Amino acid sequence: MSSEIKHHDLAKHIIDYGISLGADQIEAYVLFGSVRSVQIERGSIRRFTDKSNSGLGIRLIKDKSIGMASTTIFTSDSIESTVKNAYALAKVSPPDQNFNSLPNDTRQSQPIPDKFDKNIAEMPIEDFTEILLESIQEATIREDAVINGNFSVGYGERVIINSLGTERSSNQTSISGYLDVKLQDGDDVGNSYYYDAATTLKNFDYIKIGKTAGERAKKMLGSKKITTATLPILLDPESTYGTIATILASGINAFSVYNKTAFFIDKIGDKISSDKLNIIDDPFYPGGTDSASYDDEGVIPQKLSLVKEGILQTYITDSYTAPLVNLENTGHASRGSFAARPSPAPYTLQIGKGSTSKDSMLEDMKEGILLISSSLNPIGRNPQISTQINQGFFVKNGEIVHPIKNAVIGSTVFDVYEKINVVSKEIENRSGHIAPWMELLPLQVSGGK
Amino acid sequence: MLDTLEQVINEVTLSPKDFLDIRYSHTMGESFTFRNDRFDSVSNQTIGGIAIRALIDNAWGFTSIVETEKESILNAVKKVIKIAKIGSKYTDQERKISDKWVFEGKGSTKVKIDPRDIDKETKFEKVIGIEKAARKYSDRIAEASSTYQESHSNEIIVNNRGTRIENDVHVIRLMKNIVGREGTKMQNVFDSTGGSGGWELVENWVPEDEGIKAAVQAEKLLSARSPPSGKMNVIMDSSLTGVYIHEALGHAVEADGVIAKYSILEGRINEKIGIDQLDVYDDPTIPTLRGSYEYDSEGTKTKKRTIIKEGILKGYFHTLETATALDMEPKGGGRALNFNVTPLARMGNTYIDSGDMKLEEIVEIAKDGVYLRESNSGYVVPAKGQFYFNCQYGYFIENGEITDMMGNVGMSGMILEVLQNTFAIGDSWEPAFRGSCGKMGQWIPISGGGPNLGVSDLVVGGNV
């Protein structure tokens, strides 16, 4: 019996058992996976890990009351007791009048190319180690470089079945690496890092991880404090994605819209940023680490234009929230873990490019800040931004003068979106996450000088 | 289970310098969130399995399984030894575990009222009561929510040095999160109660009072001034002192980071890094606090850790491995979130000792600056010695007086500067910071706090 059939049967058993207990509707979300990882400490191997990474979550509805239960233990006793726990909680929990129904999407989903690579699934740990040793070699920019990090390969199967007929199952592989490099000259510390992830070995640039981490650490030597000022901010593509995508995810998810805490509430068809901003969400991007042919409730998603020339096009929804905001289900249900209740989240955002070269954006900057691998993020769920500069440089007359230490950028999510001033024609594509360089009009920067 | 694990350990032959431990870990938890007049989530979680580690010829191997019968554990042990041996071919660092620290015994959080004996309806009443009171207080409350959580963990740890430990930890928490909104202006108020123990730690929170208290605060904050920007004198309340010392010092003295040469405080034991009056300690043995436990996930008995005494750095947080490497006592700092991860050097309850100054005196000394209250979150880059933390709200200090309220704001500082820049230590003491700390994906309960604290030259990142 193949593992896929076995896992499908397990999920099916959960559904049948829940219905036999008296559930009106029930959903089983099952993850089966394994992870092999290597921890690097001071440039050599510290630990090999080879472990399973599996768990199941159950959502059970009785008279509009919802009970959830989860477990990592896959014995029959444990699974049946987990279903009973969900049922018992649904029995005592007050009804949720907002709940309509679990989704019933029986359309055929199309597999996404390059989501599974048997070279990763079957890679011997020795071969994997050779890869990361090459990466470490690249990161060793100086003899005394201190290199720490972690590389992982994983395989996972996601099975979602509900009592209304939704049945989905798919496989995915992943490979990722992270290196942190520290250089020290007396009290002067240069520290930086680089991370990358892919679903196939051919798309995994492990050489770049080491090379970039090492080069960046060297550039971070000689950091200085700056004086408090109002300065334009130049974001590298990673910082653009980290800033723009994070704000958008909190800003337009229908759960927060319904609860009146989304940043861009009642803004469909309205301007939410400067007209330089265009964002598409493509769930089907081939080989995207966050691409998926169905969401975490088994619904096939839509490729969506989210922001067009600064105007918000739609919210992202799931089966619970779509009726609450009077939109159709866009198939954006996402769970932080097998134990969590789904909530809408974007897949693979593509932030549109502009027409200016990134080099001229830097050259034209009289005085400002360049951020790399950073993000200007709101504090908790507030729109206020107060972010420390960890990987940033002071720029004067188009030249990078020195890295910055002990400074904070203060703003709001609305301000950041409105101040998108110039967008580069060059983009960076990291497993489907696409972003350009972006310049923001001056923001308040508190300096330690 | 202890017998099974012992049998497995006894059947495995290793060289005396090699190390093997097996940890059974089983956690059951319940959590309920009530948000805007409906239950967001009513859930029960079980996380259980066995973690196996081996240190062979200077490299670690780790695996985890969910099966608990002897045969499966033995097979997993063989697998771990095999991968550790492969790893040892690629390492050039020396790693070992001393045989000095062997523990036997049982530990458990003291629980007066077991929350598992409290019916669900009573628990629901708490979160519903808090949410309703807050939401109904004003139409400017956009979202009110309250969450109840309890977890019951059992760990059994055996190793080939002779440690045999069984330890139970019970943690309970009741939270409220209120969001005030007027147009694009939003302010969030969060607070929680609870700790390690039972229902007795949350039963005194009167839902209506707590809901209204948070709603009043959220409303007030909608009219608060924007925080200032620049380098200035900062006075922190006990809660913010807790997150401050956690970020500005705690993470940098976790010895796994020190060994990895990733901390600016590496090699600075017995060096003066703070003012004479500064004493900092971490104590997981204090009953009822959120970061309390009797034995850690390596089976080491916990003890109070002195981190700074009279401004001098005295200790790090240790696992067995780091304590061996630095020839210090471990004191139970090796914590793991669950069976699927390895123990890391972690904090428990981290505090600054109180001094002798009244808040009014501290404000007078500061003259101008900000008085910031209620922690929110923070992080640190120990390699650079640069940290960040933020608060929920604060007040301006103008001409030696506390004046207008301000909204939330973040702050930045350098570890080796700020502890020397402490200009006042208050006479109050409160364990006011009850949070969770994340490290390499492991979120564990911790607490912190101390007195009101005055620090000069912190960088405050407002948006005026």
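First the proteins, then the strands, lettered A, B, ... as listed; each starts at 1. Keep in mind it's a predicted model, so treat the numbers as computed, not measured.
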message = Please identify, among A:I409, A:I125, A:I265, A:V38, the residue contributing the most non-hydrogen atom pairs under 4.5 Å to chain B.
response = A:I265

query = Which atoms of A:N85 come close to chain B, meaning under 4.5 Å heavy atom to heavy atom: side chain ones, backbone ones, both, or neither?
reply = side chain

message = Heavy-atom pairs under 4.5 Å with chain A - which of B:G410, B:G87, B:S145, B:A260 has more of them than the others?
response = B:A260

query = Taking B:Q392 for the side chain and B:S375 for the main chain, is one N or O donor matched with an acceptor at less than 3.5 Å?
reply = yes

request  = Go through the atoms of A:N98 and report whether side chain, backbone, both or neither lie under 4.5 Å from a heavy atom of chain B.
outcome  = side chain

task = Please report the shortest heavy-atom distance between B:M406 and B:L221, naming the atom on each side.
result = O-CD2, 3.6 Å

Parallel, tilted or perpendicular, as decided by the 30° and 60° cut-offs, for the rings of A:F414 and A:F263 = perpendicular

key: A:K419 side chain to A:P442 backbone, donor-acceptor under 3.5 Å   = yes

ask   = Can you tell which of A:G55, A:G447, A:G380, A:G67 has the highest number of heavy-atom pairs within less than 4.5 Å of chain B?
value = A:G447

inquiry  = If the test is side-chain contact (heavy atoms from CB on, under 4.5 Å), which one of B:D457, B:V459, B:V418, B:L458 qualifies with A:N406?
reply    = B:V459

query = What residue, out of B:T184, B:N36, B:I47, has the most heavy-atom pairs lying under 4.5 Å from chain A?
reply = B:T184

message = Tell me if the CD atom of A:Q137 is crowded by more than 12 foreign heavy atoms within 6.0 Å.
response = no

query = Taking only residues two or more places apart in sequence or in another chain, which ones pass side chain to side chain contact (heavy atoms under 4.5 Å, CB included) with B:A325?
reply = B:I259

query = Listed by chain and number, what are the salt bridge (Lys or Arg N to Asp or Glu O under 4.0 Å) partners of A:E134, not counting sequence neighbours?
reply = none

query = Between A:D180 and chain B, which part of the residue has a heavy atom less than 4.5 Å away: side chain, backbone, both or neither?
reply = side chain

B:G441 to B:L337 - nearest heavy-atom pair and separation = O-CD2, 4.4 Å

message = Please rank A:N148, A:I379, A:I389 by heavy-atom pairs under 4.5 Å with chain B and give me the top one.
response = A:I379

remark   = Applying side chain to side chain contact (heavy atoms under 4.5 Å, CB included) to A:N382 and not counting sequence neighbours gives A:Q384, B:N188, B:N408

key: Interface residue of largest heavy-atom contact number with chain B, from A:F255, A:F264, A:F99, under 4.5 Å   = A:F255

Proximity breakdown for A:K405 and chain B, heavy-atom pairs closer than 4.5 Å = both

note = Checked B:K231, B:K261, B:Q386 vs chain A; the most non-hydrogen pairs under 4.5 Å come from B:Q386

task = For chain B, find which of A:N390, A:V146, A:I73 contributes the most heavy-atom pairs closer than 4.5 angstrom.
result = A:N390

query = Where on B:D40 is there a heavy atom nearer than 4.5 Å to chain A: the side chain, the backbone, both, or neither?
reply = both

query = A:A262 versus chain B, heavy atoms under 4.5 Å apart: side chain, backbone, both or neither?
reply = backbone

message = Going by ring-ring contact (aromatic ring centres under 6.0 Å, His included), B:Y379 matches just one of B:F387, B:Y388, B:F389. Which one?
response = B:Y388

inquiry  = Heavy atom to heavy atom, less than 4.5 Å: which residues from residues 59-68 of chain B reach chain A?
reply    = B:A59, B:W60, B:G61, B:F62, B:T63, B:S64, B:V66

key: For the student: nearest non-hydrogen atoms of A:S44 and B:Y90, plus distance   = CB-O, 3.6 Å

request  = Measure B:V409 against the heavy atoms of chain A and call it side chain, backbone, both or neither at under 4.5 Å.
outcome  = both

query = For chain B, which of A:S37, A:S256, A:S93 has the most heavy-atom pairs under 4.5 Å?
reply = A:S93

ask   = Do any N or O atoms from the side chain of A:T140 and from the backbone of A:I136 form a donor-acceptor pair under 3.5 angstrom?
value = yes

message = Tell me whether B:R95 is salt-bridged to A:E41, with the criterion being a basic N under 4.0 Å from an acidic carboxylate O.
response = yes

inquiry  = Run B:E69 and B:S72 through side-chain hydrogen bond (donor to acceptor under 3.5 Å, both in side chains) and show every step you take.
reply    = CA-CA 6 Å; B:E69 72 278 7; B:S72 299; 2.6 Å; yes

ask   = Between A:R335 and A:Y29, is NZ or CZ placed under 6.0 angstrom from the six-membered ring centre and within 45° of the ring axis?
value = yes

note = Counting heavy-atom pairs under 4.5 angstrom with chain A, the leader among B:A84, B:S31, B:A142, B:S41 is B:A142

query = Is it the side chain or the backbone of B:Q45 that comes within 4.5 Å of chain A heavy atoms, both, or neither?
reply = both

remark   = Closest non-hydrogen contact found for A:L60 with A:V83 is CD1-O, 4.1 Å

ask   = chain B heavy atoms under 4.5 Å from A:K225: which part of the residue, side chain, backbone, both or neither?
value = side chain

message = Under a 4.5 Å cutoff for heavy-atom pairs, which residue among B:F39, B:F32, B:F34 has the most contacts with chain A?
response = B:F39

message = Among B:D92, B:V460, B:N340, which residue has the highest count of heavy-atom pairs closer than 4.5 Å to chain A?
response = B:N340

key: Carboxylate-amine/guanidinium contact B:E131 B:R38, below 4.0 Å   = no

message = If I measure from the heavy atoms of chain B, does A:T228 come under 4.5 Å with its side chain, its backbone, both, or neither?
response = side chain

request  = Check each atom of A:R42 against the heavy atoms of chain B and say whether the ones under 4.5 Å are side chain, backbone, both or neither.
outcome  = both

inquiry  = With a 4.5 angstrom heavy-atom cut-off, is it the side chain or the backbone of A:Q97 that approaches chain B, or both, or neither?
reply    = neither

query = Side chain, backbone, both or neither: which part of A:A229 has a heavy atom under 4.5 Å from chain B?
reply = neither

